[in-house]
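Presented below is the structure to which this report refers.
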Amino acid sequence: MTFRTRFAPSPTGPLHLGHAYSAILGHDMARAAGGEFLLRIDDLDQSRCRPEWEELIFEDLRWLGLAWDGNVRRQSEHFEHYSQTIHNLAEQGAVYPCTCSRRDIEAAASAPQEGVPAFGPDGRIYPGTCRSRAYGDRQPTDALRYDLSKTVGPPPRMPAFTETGPTHAGRHEVTAEHLLTRVGDPILARPGMAASYHFAVILDDAQSGVTHVIRGEDLFEATFVQRFLQWELGLSPPIYHHHRLIRDDTGKRLAKRDDARAIRTYRAEGATPEDIRRKIGL
Ligand code: GLU
């Protein structure tokens, strides 16, 4: 099996030191394994993506000395495939349209119970308000969700994934119960969009033959949702490696708006790619 990984930034702002960490780690692991390093542009949310940010991603990666293999893949070129796959899944009866706004979910959420999280990787845990709605009644302004209540109970075999990152190394099983209490029914598509982040990435990774997903620790919980959806679609999972996050001086995770730690800022100040590697400990 060829080792194949990808770096998948969204062109919604400048790359910062956290992105550099992910990209360099993925690139170096691929090269060390004699494998491939792919570049994917995660431009699902067309309202936030800009061509100039995409151009800057290419420039920053080239400057860092990270050459990618093959053509760049863009999510925006696969909307039809995402929609069709959701539609096929819906024909099996577990997809429903959801009209709930963030405020609706907030209002419908039950009072917090001890030991049960109120928020998951997609925000407040969805209580299933729209579950009785039929897929056939969907409107363009609806989100689409997967009804987990239909799959609760032990499946003949449990979906699981292998994690090799420093914090959660091991094998992790995924159950519908785990997802119900930590995420709620997963979103397959947001209103006006072809697919949700979770749904698009599992299809992208499968189509590109990605064997190893290397990304930040902040996406570890999302992996449970993604593995579950892969299982439902009959896709085999890559191996996951969630790496530590690069934080600012106050311990906060870096954000796109944090221009002080943008790669372009370091470049403009005359730093070298080696300086960046040193700064992030790679
Ligand atoms: N596009 C995602 C991000 O920028 C990464 C996707 C993934 O690694 O699954 O956070």
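Note that ligands are numbered from 1 as they come in the structure, with each ligand's atoms numbered from 1 the same way.
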- Do Arg215 and Thr223 touch side chain to side chain, with heavy atoms closer than 4.5 Å? yes
What does the contact table look like for ligand 1 (nitrogen or oxygen on each side, cut-off under 3.5 Å)?
| from | atom 1 | to | atom 2 | distance (Å) |
| --- | --- | --- | --- | --- |
| ligand 1 | 1 (N) | Ala8 | O | 2.7 |
| ligand 1 | 1 (N) | Asp42 | OD2 | 2.6 |
| ligand 1 | 8 (O) | Arg6 | NH1 | 2.7 |
| ligand 1 | 9 (O) | Arg6 | NH2 | 3.2 |
| ligand 1 | 9 (O) | Tyr197 | OH | 2.9 |
| ligand 1 | 9 (O) | Arg215 | NH1 | 2.6 |

- Message: For the aromatic rings, using the six-membered ring if either is Trp, is the centroid distance between His87 and Tyr135 under 6.0 Å?
- Response: yes
- Results of ring pair (Phe, Tyr, Trp, His ring centres under 6.0 Å) for His168 - residues two or more places apart only: Phe220
- Task: Would you check if the distance from the ring center of His212 to the ring center of Phe3 is below 6.0 Å?
- Result: yes
- Task: Take the angle between the ring planes of Phe228 and Tyr146 and call it parallel below 30°, perpendicular above 60°, tilted in between.
- Result: perpendicular
- Parallel, tilted or perpendicular for Phe7 and His19, by the 30°/60° rule? perpendicular
